[in-house]
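Only heavy atoms go into these numbers, but all of them, side chains included; no hydrogens, no water, no symmetry mates. Quick caveat, the model's predicted, so the values are computed rather than measured. Letters A, B, ... mirror the listed sequences (proteins, then strands); counts begin at 1.
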There are 2 protein chains.
Amino acid sequence: MQPATTTDDDAAIAAGFEHFYETLRRLTPRGPLSLTAASTLRRLERSGPHRLCELYAPEGISQPAMTQLVTRLEKEGLAERTSDPNDGRAVVVSITEAGRAAVAHRRQVRAEALSELLRGLAPEEHAAVVAALPALERLSDLAAEQAS
Amino acid sequence: MQPATTTDDDAAIAAGFEHFYETLRRLTPRGPLSLTAASTLRRLERSGPHRLCELYAPEGISQPAMTQLVTRLEKEGLAERTSDPNDGRAVVVSITEAGRAAVAHRRQVRAEALSELLRGLAPEEHAAVVAALPALERLSDLAAEQAS
DNA sequence: CCTTTTTATATCACCCTCTTATGAACGGAA
DNA sequence: TTCCGTTCATAAGAGGGTGATATAAAAAGG
């Protein structure tokens, strides 16, 4: 019967992800960027400039926290504030070249550490991971649309 | 130089994991337990009591941070300190019943949120995720043994 | 128009968790 | 015993989060 097997699978998936999440977390030990800072920079890199009020909710932090984060990022030259000519209240945040470089560096460090691990996998395990990528991507999309 | 396909695959895997990691991070928004607290409790649950000096390195924090974390956990009744009769310096940390309950609850909340997402996957995507679980588990093991 | 309300950021005061530096107590070997 | 290494605790400070609140601009209402 369908429901039972699905539930069992889901429990196994949850357990696996729980463990795997910790592994990923330790793969990027400590950098100058906090988790939220890195995530926000990636968002700005990926989908362009955003108003501050569009940023804090998706990142799961409060508005004051985002104001402070943008202030820090600006101070470090990784992002910049611009004003919207059509709305005097708004602050438009965009990533700088240094910000892109920081994201790229962080990405590369993680990719290299991961690559090191991937070398330890058997070919069929490696293939299984590659085969699961589209599904993981869709999970991310589903989570994103659920949040809205 | 490695074979080109492996490098390309690894880049794709790194990119996919980067995105997926953020998804998992937001799946357990905020609880009374910090990431490190939850991870430490899971470790105590999984592999039994540990001396404090065996705990902080695997969790990626400093020794004072672990001392403070154990103090907080003890204050909340989730873990307890015991002294080792063979070594007066040592502190043995173990999880309490309340600690197990907290871990279980957190696990269940995450599992339910994940289950909700998994319902949105096509059957073959779901199967691909299940098929990749052993590989992900091995990746975690590889990372753990690399740390030692 | 002028007032009122709503929206978008910023600031304030505070808490939690991490850090480094340091101290104290115990164990083991000369 | 004495000395040194190990183990844990404490102290002081930094970073990043929160809720409450202030300010300024836009929108809404009479």
Side-chain angles (χ1 to χ4, degrees), chain A residues 22 25-26 28-44 49-94 99 102 106 148, chain B residues 22 25-44 49-94 99 102 106:
Chain A
E22 292 298 331
R25 185 161 77 91
R26 290 186 187 77
T28 314
R30 61 187 178 288
L33 291 92
S34 71
L35 291 182
T36 310
S39 175
T40 302
L41 281 180
R42 279 195 293 267
R43 181 179 304 273
L44 292 174
H50 283 285
R51 300 175 56 152
L52 203 148
C53 62
E54 300 167 335
L55 284 175
Y56 72 85
E59 294 298 337
I61 61 177
S62 66
Q63 174 267 313
M66 183 54 74
T67 291
Q68 294 165 25
L69 172 56
V70 171
T71 301
R72 290 194 303 272
L73 291 176
E74 200 174 25
K75 198 168 298 178
E76 293 162 9
L78 305 177
E80 58 185 4
R81 281 184 167 90
T82 318
S83 49
D84 184 343
N86 299 335
D87 190 339
R89 299 167 299 178
V91 162
V92 178
V93 185
S94 47
R106 187 185 171 90
S148 62
Chain B
E22 292 298 330
R25 185 161 77 91
R26 290 189 187 75
L27 218 57
T28 315
R30 60 184 178 292
L33 290 89
S34 71
L35 289 183
T36 309
S39 175
T40 301
L41 282 180
R42 280 195 294 267
R43 182 180 304 272
L44 292 174
H50 283 285
R51 300 175 57 151
L52 203 148
C53 63
E54 301 166 335
L55 283 175
Y56 72 87
E59 294 298 337
I61 61 177
S62 65
Q63 174 265 315
M66 184 53 74
T67 292
Q68 293 164 19
L69 171 56
V70 171
T71 301
R72 290 195 302 271
L73 291 176
E74 199 174 24
K75 198 168 296 176
E76 292 162 11
L78 304 177
E80 58 186 4
R81 280 185 168 89
T82 319
S83 47
D84 184 341
N86 299 334
D87 190 340
R89 298 166 301 178
V91 163
V92 178
V93 186
S94 47
R106 187 184 172 90

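The B:P64 side chain lies nearest to C:dA21 when the options are C:dA10, C:dA21, C:dA8. Closest contact between the side chain of A:L52 and the listed nucleotides C:dC18, C:dA10, D:dT10 involves C:dA10. Closest approach to the B:I61 side chain among D:dG17, C:dT19, C:dA8 is made by C:dT19 (side chain taken as heavy atoms from C-beta onward). For B:S34, the side-chain atoms get nearest to C:dC18 when compared with the rest of C:dT9, C:dC18, C:dT20. The B:R89 side chain lies nearest to C:dA25 when the options are D:dA11, C:dA25, D:dA26. In this structure, of D:dG16, D:dA9, C:dT9, it is D:dA9 that holds the atom nearest to the side chain of B:R81.
Neither OP1 nor OP2 of C:dC18 sits under 4.0 Å from any side-chain N or O of B:S62. In this structure, A:T67 reaches the C:dA10 phosphate: one of its side-chain N or O atoms is under 4.0 Å from OP1 or OP2.
Side-chain atoms of A:E74 and A:T71, non-hydrogen and from C-beta on, never get closer than 4.5 Å to each other. Residues A:L44 and A:L55 are in side-chain contact: their nearest non-hydrogen atoms beyond the backbone lie under 4.5 Å apart. Contact of the A:R25 side chain with the A:E22 side chain is registered, since non-hydrogen atoms from C-beta on lie closer than 4.5 Å.
Going from atom CG of B:L55 over to atom C1' of D:dC8 covers 13 Å, rounded to whole Å. Computed from coordinates, the A:E54 CD to C:dT9 C1' distance equals 14 Å when rounded to whole Å. Atom pair B:Y56:OH and C:dT20:C1' shows a separation of 14 Å (rounding to whole Å applied). Across the protein-nucleic acid pair, A:R51 atom CZ and C:dT7 atom P stand 12 Å apart, rounded to whole Å. Note: CD (A:Q68) to C1' (C:dC16) measures 14 Å, nearest angstrom. In this structure, CG of A:D87 is placed 8 Å from C1' of C:dT7, rounded to the nearest angstrom. Atom CE in B:M66 sits about 16 Å away from atom P in D:dT10, given to the nearest Å. The distance from atom NZ of B:K75 to atom P of D:dA9 is 12 Å, rounded to the nearest whole Å.
No contact: B:T71 has no heavy atom under 4.0 Å from any strand. Using a 4.0 Å heavy-atom distance criterion, B:A65 is classed as a base contact. Nucleic acid contact for B:R72: sugar-phosphate only, since backbone atoms but no base atoms lie under 4.0 Å from a heavy atom of the residue.
Counting distance only, with no hydrogens placed and no angle test, the side-chain atoms of A:Q63 and the base atoms of C:dA10 include a donor-acceptor pair under 3.5 Å.
Contact record, B:R51 with B:D84: NH1-OD2, 4.4 Å, taken as the closest heavy-atom pair. Contact record, B:R81 with B:T67: NH2-O, 3.3 Å, taken as the closest heavy-atom pair.
Comparing B:V92 and A:D84 by the nucleotide of DNA chain D whose heavy atom lies nearest to each, the residue mapping closer to the 5' end is B:V92.
No donor-acceptor pair closer than 3.5 Å links the side chain of A:S39 to the backbone N or O of A:L35.
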